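The block underneath contains the structure these notes are about, expressed in structure tokens.
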Amino acid sequence: MPEGLEVEIYRRAAEPLIGREIARIEVDERVAAPGVLDRIDDELRGGTVLSARRLGKQLLLDTDGPTLGVHFGMTGRIVVDDVAAIDQLEYGSGRDEPRWDRFRITLADGGSMRVNDPRRWSRVTLDPDISGLGPDLLEVTYDQLRIAVSGRSRPIKALLLDQHVVAGLGNLCVDEVLWHARIAPAHPAGELTGGEVAALHRCMRQHLPVMLDRGGSHRGEVSPAFRAALPSCPQDGAALVRETVGGRTTVWCPVHQV
DNA sequence: GCCCTTGTTACGCC
DNA sequence: AGGCGTAACAAGGG
């Protein structure tokens, strides 16, 4: 599940595209956002990639024409010049079947960028509207977080999963960060103390880059392997709990998360 | 063949 | 109006 961390890895993998000319575009109509199919060839072919940016889970490739936006859904992987940025995606298939290529840019120099996605939940857009997204998960400040939680009654987990609040957090990263910050997922956001919000912010700034360096959102201490086996809490040995919070499977420790 | 997975969105309620 | 919860949907894997 490409959360913001995976997409940051994808963004880095896409940087070699900068300065290269787009010669050909192939897109599965089912991953093209409305209207894109009609425009994309005319507006992108012959253009040059100028930069590779990211906001939350959106990869943004600026060209001298429109900006290309790619959202990777749950199982989309990027492959640049035939090298996959991530070999094995959590919940993905781990294979690279040609029939799962949903989007491909062929460059004038013969190279390519493609999106391989078994389940077709990726979305390709032109000049995506990202104005509704919150601050990026790797950049969000304490003040932004404090303002975001104030007056909100929703569980903190539901709030953090809301891309309008913080862009890029997914189910695994939220569980991981709350576990480190010692905050229960169902804790009403607005009832967190200043100290708890500070701990949450500090844990995001501290642990998300470590997970990024290790390879993504599944490389935390409450990893998917842990989640499946549901072992005892590595911090205090208590039995972990699995329940639904914010509509998602949630694993947490009822002893140290309050 | 049912049920699991996640991110997004539509929708109903308050 | 807008915050919130729930369900539906995408489709392959176990």
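Keep in mind it's a predicted model, so treat the numbers as computed, not measured. Just so it is clear: chains get the letters A, B, ... in the order the sequence lines come, proteins before strands, and each one is counted from 1.
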[X] has an atom [atom1]; how far is it from atom [atom2] of [N], in whole Å?
| X | N | atom1 | atom2 | answer |
| --- | --- | --- | --- | --- |
| A/L169 | B/dT6 | CG | C1' | 14 Å |
| A/K157 | C/dG5 | NZ | P | 14 Å |
| A/R242 | B/dC4 | CZ | P | 11 Å |
| A/D162 | C/dT6 | CG | P | 15 Å |
| A/L161 | C/dT6 | CG | P | 14 Å |
| A/E3 | B/dG7 | CD | C1' | 10 Å |
| A/R30 | C/dG12 | CZ | P | 9 Å |
| A/R123 | C/dA10 | CZ | P | 10 Å |

Whether the side chain of A/T250 engages the backbone of A/R248 through a donor-acceptor N/O pair (distance < 3.5 Å, no angle test) should be reported.
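Indeed, once roles are kept as given, a pair shorter than 3.5 Å links the two residues.
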For A/H180 and A/E176, does a side-chain donor sit closer than 3.5 Å to a side-chain acceptor?
yes
N or O in side chain of [X] less than 4.0 angstrom from [N] OP1/OP2:
| X | N | value |
| --- | --- | --- |
| A/R152 | C/dC4 | yes |
| A/K57 | B/dT6 | no |
| A/R154 | C/dG5 | yes |
| A/H71 | B/dG7 | no |
| A/R119 | C/dC9 | no |

Salt bridge A/R12-A/E15, side-chain N to carboxylate O under 4.0 Å:
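A/E15 and A/R12: not salt-bridged.
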Using 4.0 Å as the upper bound for N to carboxylate O, is an ion pair formed by A/R154 and A/D162?
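Salt bridge between A/D162 and A/R154, a charged N being under 4.0 Å from a carboxylate O: yes.
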Rounded distance (nearest 0.5 Å) linking atom CD of A/E191 with atom CZ of A/R152
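One gets 14.0 Å once the value is rounded to the nearest 0.5 Å.
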Within the 4.0 Å heavy-atom criterion, would you say A/G170 contacts the bases, only the backbone, or no part of the nucleic acid?
sugar-phosphate
Sugar-phosphate, base or nothing in reach of A/P155, heavy atoms under 4.0 Å
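Counting heavy atoms under 4.0 Å across all strands, the contact made by A/P155 is with sugar-phosphate only.
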Which of the following nucleotides, B/dT5, C/dC4, C/dG12, is nearest to the side chain of A/T249?
B/dT5
Please tell me which of the listed nucleotides, B/dG7, B/dT8, C/dG13, lies nearest to the side chain of A/W100?
C/dG13
Classify the side chain of A/R248 versus the base of C/dT6 as yes if they form a donor-acceptor pair under 3.5 Å and no if they do not.
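In this structure, the two groups form no donor-acceptor pair.
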Hey, which sits more toward the 5' end of DNA chain C by its nearest nucleotide, A/G247 or A/R120?
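Closest to the 5' end, via its nearest nucleotide, is A/G247.
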